[in-house]
Amino acid sequence: MKKLLLTGFEPFLQFKINPTMKIASELNGQSIGDYEIHSEILPVDFRIAGQKLLSYIEKYKPNAVISLGLAGGRYKITPERIAININDGESDNSGNKLEDERIIDEGEDGYFTTLPIRNMINSLHSGGLPAEISNSAGTYLCNHVMYQALHYAKKQEADMKAGFIHIPASHELAVVHGKIPSMSHEDLLKGIRICIEVLSENDRS
């Protein structure tokens with residue numbers, strides 16, 4: 001079977017629960033379509049997260065990488081269209097606060113996802129789930145790891161698809177947080193499964 005590296009993030013900032021951890025952990029070792037899932041959890045640390053991701057890519061030699069991130073405040077599942085070469089934003093979990101810093105000095109200004117995101121959106125809608133393409137992954141850790149994976153694929157001329165999917169808060173997180181929209185864990189998990197199924201189907205076409 002083909003290999004899919006699926007990553008989530010640890011809790012960060014005001015979000016004491018990160019639903020991407022639970023999704024990634026539950027899908028670890030499962031087979032979806034033509035893919036065997038290998039899951040890892042990334043630290044919310046600008047200085048470590050990208051290198052951790054690249055080490056997992058070297059370890060598993062995946063055919064595809066899907067990284068998951070929490071977008072607290074969004075109310076749809078949102079595959080990202082592009083990653084930009086900038087680190088910026090609030091302090092990470094290690095206290096690093098970066099401003100206008102390039103992720104990779106010699107890297108392109110931006111890289112488009114190589115996941116079939118339009119097909120993913122269509123299938124998510126068919127599955128009764130709210131979804132839309134996002135044109136900004138921000139400048140925080142989510143954008144950082146998406147950029148790192150796509151830069152790696154281009155630099156290594158690797159036949160490896162890569163991209164990022166933001167998800168809303170789970171109900172569990174929304175109860176703790178108190179002021180953000182949410183979806184059930186079951187629907188979030190269903191949504192990511194659908195996206196992986198679409199990736200597998202797209203590979204065959």
Side-chain angles (χ1 to χ4, degrees), residues 2-10 12-13 18 20 24 35 37-72 74 77-121 132-167 192 195-196 198-199 202-203:
K2 294 182 178 180
K3 295 178 184 177
L4 171 68
L5 173 60
L6 181 69
T7 69
F9 275 111
E10 64 186 9
F12 65 104
L13 299 176
N18 194 327
T20 66
Y35 282 97
I37 313 301
H38 299 273
S39 297
E40 297 287 353
I41 306 303
L42 299 175
V44 178
D45 184 320
F46 280 112
R47 301 307 185 203
I48 300 174
Q51 295 309 308
K52 283 279 190 181
L53 177 66
L54 297 181
S55 73
Y56 295 137
I57 291 173
E58 292 290 342
K59 175 181 178 180
Y60 295 113
K61 302 289 192 293
N63 303 95
V65 178
I66 295 178
S67 292
L68 306 178
L70 167 66
R74 290 188 190 177
I77 297 172
T78 49
E80 297 295 340
R81 193 189 299 272
I82 189 170
I84 61 173
N85 193 2
I86 287 291
N87 287 324
D88 195 294
E90 298 184 66
S91 298
D92 63 21
N93 285 357
S94 297
N96 300 304
K97 182 173 174 55
L98 307 184
E99 188 174 84
D100 302 333
E101 177 186 274
R102 289 180 71 83
I103 298 171
I104 298 174
D105 286 339
E106 73 278 11
E108 301 288 342
D109 289 340
Y111 293 113
F112 285 103
T113 184
T114 49
L115 301 178
I117 58 174
R118 180 60 64 188
N119 291 344
M120 288 178 175
I121 295 299
E132 66 182 3
I133 291 173
S134 168
N135 291 312
S136 175
T139 54
Y140 200 53
L141 269 296
C142 297
N143 175 78
H144 179 93
V145 299
M146 179 181 177
Y147 186 93
Q148 290 273 16
L150 289 164
H151 178 77
Y152 175 93
K154 181 171 183 179
K155 185 178 180 181
Q156 301 296 323
E157 297 183 347
D159 185 19
M160 180 189 82
K161 293 184 172 64
F164 198 96
I165 301 173
H166 267 120
I167 64 170
I192 300 308
C195 289
I196 298 171
V198 169
L199 174 62
N202 188 80
D203 289 347

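These figures come from a predicted structure and were not determined experimentally.
No side-chain heavy atom of Ile86 sits under 4.5 Å from any side-chain heavy atom of Glu101. At least one side-chain heavy atom of Glu10 sits less than 4.5 Å from a side-chain heavy atom of Asn93. The shortest side-chain heavy-atom distance between Ile77 and Ile121 does not fall under the 4.5 Å cut-off. Inter-residue side-chain proximity for Glu90 and Phe12 is flagged as unmet; no heavy-atom pair is nearer than 4.5 Å. Counting only heavy atoms from C-beta outward, the side chains of Val198 and Pro116 approach each other to under 4.5 Å. When side chains are defined from C-beta on, Ile57 counts as touching Tyr152, because their heavy atoms get closer than 4.5 Å. Side-chain contact between Leu53 and Leu5 is present, with at least one heavy-atom pair separated by less than 4.5 Å. Looking at heavy atoms from C-beta onward, Ile165 lies in side-chain contact with Cys195 at the 4.5 angstrom threshold.
Residues passing the ring pair (Phe, Tyr, Trp, His ring centres under 6.0 Å) test with Tyr140, sequence neighbours excluded: Phe46.
One N or O on the side chain of Asp92 and one on the backbone of Asn96 form a donor-acceptor pair closer than 3.5 Å. Of the possible polar contacts, one joining the Lys97 side chain to the Gly89 backbone as a donor-acceptor pair under 3.5 Å is found.
Put simply, OG1 on Thr7 and CG on Leu68 are 6.0 Å apart, with the number rounded to the nearest 0.5 Å. Atoms NE2 and CG, on His144 and Asn85 in that order, are 10.0 Å from each other to the nearest 0.5 Å. Taken from CZ in Arg118 to OG1 in Thr113, the straight-line distance is 12.5 Å, to the nearest 0.5 Å.
A salt bridge does not link Lys52 to Glu58: none of the charged nitrogens lies less than 4.0 Å from a carboxylate oxygen. Comment: Arg102 engages Asp109 in a salt bridge, judged by a side-chain N to carboxylate O separation of less than 4.0 angstrom.
Within a 6.0 Å sphere centred on CD of Glu106, other residues, nucleotides and ligands contribute more than 12 heavy atoms.
Closest approach of Gly8 and Ala24 over heavy atoms only: N-CB, 4.1 Å.
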Donor-acceptor pairs are to be reported for all side-chain atoms of residues 154-163 against protein atoms at under 3.5 Å, with residues two or more places apart or in another chain.
from, atom 1, to, atom 2, distance (Å)
Lys154, NZ, Glu108, OE2, 3.2
Lys161, NZ, Asp203, OD1, 3.3

Go through Met146 and Ser67 one step at a time and tell me if the side chain to side chain contact (heavy atoms under 4.5 Å, CB included) criterion holds.
-> CA-CA 7 Å; Met146 179 181 177; Ser67 292; over 6 Å; no
Check step by step if side chain to side chain contact (heavy atoms under 4.5 Å, CB included) holds for Thr78 and Ile133.
-> CA-CA 5 Å; Thr78 49; Ile133 291 173; over 6 Å; no
Show the numbers, then the answer: is there a salt bridge (Lys or Arg N to Asp or Glu O under 4.0 Å) between Glu80 and Arg74?
-> CA-CA 13 Å; Glu80 297 295 340; Arg74 290 188 190 177; 2.9 Å; yes
Determine, step by step, whether Thr20 and Asn18 satisfy the side chain to side chain donor-acceptor pair (under 3.5 Å) criterion, reporting the C-alpha distance in whole Å, the side-chain angles of both residues, the deciding distance to 0.1 Å, and the verdict.
-> CA-CA 5 Å; Thr20 66; Asn18 194 327; 2.8 Å; yes
Which is it for His166 and Leu70 under the side chain to side chain contact (heavy atoms under 4.5 Å, CB included) test, yes or no, and what are the steps along the way?
-> CA-CA 6 Å; His166 267 120; Leu70 167 66; 5.9 Å; no
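Judged as a ring-ring contact (aromatic ring centres under 6.0 Å, His included), the pairs with a partner in residues 101-120 (not counting sequence neighbours) are, in order, Tyr111-Tyr147, Tyr111-His151.
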